[in-house]
Amino acid sequence: MNKLINPQETIKIIQKNDFRFQKRFGQNFLIDENVLQNIIRSSEITKDDCVLEIGPGIGTMTQALAEAAGHVVAVEIDANLIPILHETLQAYDNVSIIHNDVLKLDLHEVIATYNHGNPVKVVANLPYYITTPIIMGLFESHAPIQSITVMVQKEVADRMQSGPGTKDYGALSLAVQYYAEPDIIQEVPPHCFIPRPNVGSAVIRLKRYTEPPVQVEDERWMFQIIKAAFGQRRKTLLNSLSSLASIPKDATREALASLGLSETIRGEALTLAQFAALADALSDFQST
């Protein structure tokens with residue numbers, strides 16, 4: 001089997017199998033070898049690693065991962081791609097193909113089955129329409145994941161890395177930075193894919209923290225606070241948090257004052273540590 005990482009081989013496989021791209025799956029196949037090699041290099045994969053790949057497509061990146069890693073578990077949602085993957089990956093005995101929606105998988109069970117419960121590395125060219133649910137699903141599962149190296153829409157990568165006071169800063173920034181250290185590796189233009197997406201892309205590496213950088217009594221409550229804070233960006237925190245019916249305005253006012261924050265402050269001005277402190281200060285009003 002020839003390597004798929006070039007337009008000619010990709011087109012040949014697509015035509016041979018009469019494959020039709022499905023918009024609902026957000027399918028854009030990578031065809032640039034330099035970008036592919038940079039992803040493999042950045043993810044720091046060795047033969048000791050088990051890699052979870054989400055959305056392998058026709059197997060382009062899976063081939064490179066299989067050559068670098070000890071084992072690759074490729075999860076593909078599109079039934080039409082499963083026979084193609086069995087064909088393009090037949091030369092690799094260290095690849096397991098799972099036909100499923102990664103959002104419905106029990107990641108603990110998958111990792112226990114294929115890597116004895118030891119931490120895996122996630123590498124993926126993610127479908128842009130569902131990037132955030134996948135990333136957050138990986139983190140919130142608390143499955144043993146060492147790092148996540150993914151291709152995403154550039155705008156989303158920027159949001160993951162943004163800090164307080166910037167236009168891209170928001171709930172996603174805070175969530176990602178609670179769980180991992182984000183690092184944008186490379187910007188990737190549309191011509192590196194078939195079909196070409198309408199937006200620019202970026203490769204971002206998220207190195208999972210052993211312990212979160214801030215301590216909070218209840219992380220779910222903190223994220224409820226964060227979600228409410230960014231529900232309507234133009235509102236002050238005092239007004240935004242009123243969307244959580246369990247919190248009286250006077251309690252928010254008192255909590256902000258205890259942290260030395262103005263009652264006119266907006267969510268975009270607070271750091272992760274300040275949100276953690278605010279959540280703890282309002283813990284008595286946590287809804288059950």
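In this text, all values refer to a predicted model and were calculated from it rather than measured experimentally. Position 1 is the first residue of the sequence; numbering continues from there.
Between R253 and E263, at least one side-chain N (NZ, or NE/NH1/NH2) sits under 4.0 Å from a carboxylate O, which counts as a salt bridge. Using a cut-off of 4.0 Å between Lys/Arg side-chain N and Asp/Glu carboxylate O, R159 and D168 are scored as not salt-bridged. At a threshold of 4.0 Å, the pair E44-K121 does not count as salt-bridged, since none of the basic side-chain nitrogens sits closer than that to a carboxylate oxygen. In summary, K3 and E67 engage in a salt bridge, as defined by a charged side-chain N under 4.0 Å from a carboxylate O.
In summary, the side chains of S141 and H108 do not present any donor paired with an acceptor at a separation below 3.5 Å, with no hydrogens or angles considered. With 3.5 Å as the limit, one finds a donor-acceptor pair spanning the side chains of Y178 and E219. For the residue pair D78/Q27, the side-chain donor-acceptor check at 3.5 Å is satisfied. No side-chain donor from either of T62 and Y92 sits under 3.5 Å from a side-chain acceptor of the other.
Taking the ring centroids of F223 and F275, they lie at or beyond the 6.0 Å cut-off.
N17 contributes a side-chain N or O that, together with a main-chain N or O of I13, makes up a donor-acceptor pair within less than 3.5 Å. Judged by distance alone, the side chain of E76 and the main-chain N or O of G57 form a donor-acceptor pair under 3.5 Å. Between the side chain of D280 and the backbone N or O of E217, at least one donor-acceptor pair lies under 3.5 Å. In this structure, Q161 contributes its side chain and I184 its backbone to a donor-acceptor pair below 3.5 Å.
Between I225 and L241 there is a side-chain heavy-atom pair separated by less than 4.5 Å.
When every heavy atom of L282 is checked against every heavy atom of A251, the shortest pair comes out as CD2-O, 3.7 Å.
Side-chain heavy atoms closer than 4.5 Å link hydrophobic residues (I, L, V, M, F, W, Y) into clusters, and following such links, possibly through other members, connects L172 to Y129. Residues I11 and F19 share a hydrophobic cluster, clusters being chains of Ile/Leu/Val/Met/Phe/Trp/Tyr side chains in contact below 4.5 Å. With hydrophobic clusters built from ILVMFWY side chains whose heavy atoms lie under 4.5 angstrom apart, L206 does not share a cluster with Y209. Hydrophobic clustering, with ILVMFWY side chains joined whenever heavy atoms are under 4.5 angstrom apart, keeps L238 apart from L244.
The aromatic rings of F21 and F29 are tilted relative to each other, their planes meeting at an angle between 30° and 60°.
Within 6.0 Å of NZ in K47 there are more than 12 heavy atoms belonging to other residues, nucleotides or ligands.
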